[in-house]
Amino acid sequence: MGADIHAWIEGKDKNGNWFVANPRYVDFANPTRIKDVDEFYIGRNYPLFSALGNVRNDHDIPFIQKNRGLPKDVTDITEGAAADWDLDGHSFGYVTAIELQDYFMSYINANDESTQLAAEAVKFLYYKLYNLAYEISDYEGNCLNVYDMRLVFWFDN
């Protein structure tokens, strides 16, 4: 039996309000114009889980946060999805794109192979957010700034 992650990407709109930015059509000028959304699929990657939230961390991989909980200003969609896992979920947390970038920049050349694997996984995740930011644009060519994004997640066993 393994741990699975449930993840939602959130971004700040032009007015500073958070919206779910999981890959799907989003009009940056009007984030309420979206298609239905499902959680962001990450897959099962224990080095990444260790780096994000100290989950399944059998190799003492440095982690970004541990049980930070949901953000106070989490979107209603993400909060509803988290509530569905309230009893069976654990290690609720979030990380910003900046934290992801800082992590892989700090640990990509670590001496420990497990930490390097975690840094590579975090780097891959950061660039998924980075690319997604450019897909969320308005008619004037403005797009979401990756530094206005965060990954909200929790785990189940």
Side-chain angles (χ1 to χ4, degrees), residues 2-57 61-105 118-119 121-157:
D4 290 314
I5 190 170
H6 302 272
W8 295 83
I9 299 171
E10 295 184 338
K12 274 190 184 178
D13 66 17
K14 291 180 178 183
N15 297 318
N17 300 311
W18 289 99
F19 65 94
V20 174
N22 290 13
R24 76 226 192 292
Y25 171 76
V26 176
D27 181 344
F28 183 54
N30 182 2
T32 61
R33 290 178 38 193
I34 59 174
K35 292 181 181 178
D36 289 338
V37 62
D38 289 319
E39 72 181 54
F40 178 65
Y41 180 74
I42 291 179
R44 192 175 283 174
N45 183 323
Y46 292 147
L48 178 62
F49 297 176
S50 297
L52 291 176
N54 198 30
V55 170
R56 293 289 174 115
N57 195 356
I61 293 170
F63 53 90
I64 299 170
Q65 62 84 56
K66 180 178 178 179
N67 299 327
R68 188 182 278 173
L70 298 177
K72 290 184 187 329
D73 53 357
V74 69
T75 64
D76 291 341
I77 293 171
T78 304
E79 185 175 42
D84 290 342
W85 285 96
D86 188 42
L87 297 177
D88 296 321
H90 64 87
S91 304
F92 290 77
Y94 65 96
V95 294
T96 66
I98 293 169
E99 289 174 314
L100 294 173
Q101 182 183 43
D102 288 347
Y103 185 92
F104 80 75
M105 297 286 285
V122 168
K123 180 180 176 182
F124 182 77
L125 180 59
Y126 169 80
Y127 279 109
K128 284 187 111 158
L129 270 64
Y130 184 86
N131 291 327
L132 177 60
Y134 282 100
E135 293 176 19
I136 301 174
S137 60
D138 61 19
Y139 294 111
E140 297 172 2
N142 300 309
C143 61
L144 180 60
N145 186 324
V146 70
Y147 299 120
D148 288 332
M149 298 176 80
R150 65 186 176 198
L151 182 76
V152 181
F153 57 88
W154 55 92
F155 297 88
D156 76 83
N157 288 324

Give me the atom names and distance for the closest heavy-atom approach of [X] to [Y].
X      : Y      : answer
Trp85  : Phe92  : O-CZ, 4.2 Å
Ala97  : Val146 : CB-O, 3.1 Å
Asn22  : Ile9   : OD1-N, 2.6 Å
Cys143 : Ala133 : CB-O, 3.5 Å

Task: Test: Arg150 cationic atom under 6.0 Å from Trp8 six-membered ring centre, within 45° of axis - done: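 No, Arg150 does not lie over the aromatic ring of Trp8.
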Open item on the list: For Phe49, does the six-membered ring have the charged nitrogen or CZ of Arg56 within the cation-pi criterion, i.e. under 6.0 angstrom from the centroid and within 45° of the normal?
Closed with: no
- [ ] For His6 and Asp156, test the side chains for any donor-to-acceptor distance below 3.5 angstrom and give the result as yes or no.
- [x] yes
TODO: Determine whether the side chains of Gln101 and Tyr130 contain a donor N or O and an acceptor N or O closer than 3.5 Å.
DONE: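 The criterion, which ignores hydrogens and geometry beyond distance, is not satisfied for Tyr130 and Gln101.
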Nearest 0.5 Å, please: how far is [atom2] in [Y] from [atom1] in [X]?
X      : Y      : atom1 : atom2 : result
Phe104 : Phe124 : CZ    : CZ    : 12.5 Å
Ile64  : Ile98  : CD1   : CD1   : 12.0 Å
Glu10  : Leu70  : CD    : CG    : 9.0 Å
Lys128 : Tyr41  : NZ    : OH    : 9.5 Å
Thr96  : Tyr126 : OG1   : OH    : 10.0 Å
Phe40  : Leu132 : CZ    : CG    : 7.5 Å

TODO: Check for a donor-acceptor pair, side chain of Asp148 on one end and backbone N or O of Lys12 on the other, with a separation under 3.5 Å.
DONE: no
Open item on the list: Closer than 3.5 angstrom, by distance alone: can the side chain of Asn131 be matched with the main-chain N or O of Tyr127 as a donor-acceptor pair?
Closed with: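 Looks like yes, one N/O pair under 3.5 Å.
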Open item on the list: Going by salt bridge (charged side-chain N to carboxylate O under 4.0 Å, His left out), name the residues that satisfy it together with Glu99, two or more places apart in sequence or in a different chain.
Closed with: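 If we apply the salt bridge (charged side-chain N to carboxylate O under 4.0 Å, His left out) test to Glu99, skipping adjacent residues, the hits are Arg68.
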Task: Partners meeting salt bridge (charged side-chain N to carboxylate O under 4.0 Å, His left out) with Asp4 (sequence neighbours left out) - done: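 Only Arg44 meet the salt bridge (charged side-chain N to carboxylate O under 4.0 Å, His left out) criterion with Asp4.
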TODO: Find out whether His90 and Val55 are in side-chain contact, i.e. whether some heavy atom of one side chain is under 4.5 Å from a heavy atom of the other.
DONE: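 SC-SC contact between His90 and Val55 confirmed.
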Task: Name of the residue among Tyr94, Tyr103, Phe63, Phe153 meeting side-chain contact (heavy atoms from CB on, under 4.5 Å) with Leu52 - done: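 Exactly one candidate clears the test, Phe153.
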Open item on the list: Please determine whether side chain to side chain contact (heavy atoms under 4.5 Å, CB included) holds for the pair Leu144 and Asp13, giving the CA-CA distance in whole Å, both sets of side-chain angles, and the decisive distance to 0.1 Å.
Closed with: CA-CA 7 Å; Leu144 180 60; Asp13 66 17; over 6 Å; no
Task: side chain to side chain donor-acceptor pair (under 3.5 Å), paired with Trp18, selected from Asp76, Thr78, Thr75, Asp73 - done: Asp73
- [ ] Step by step, work out the side chain to side chain contact (heavy atoms under 4.5 Å, CB included) result for Val122 and Leu48.
- [x] CA-CA 6 Å; Val122 168; Leu48 178 62; 3.8 Å; yes
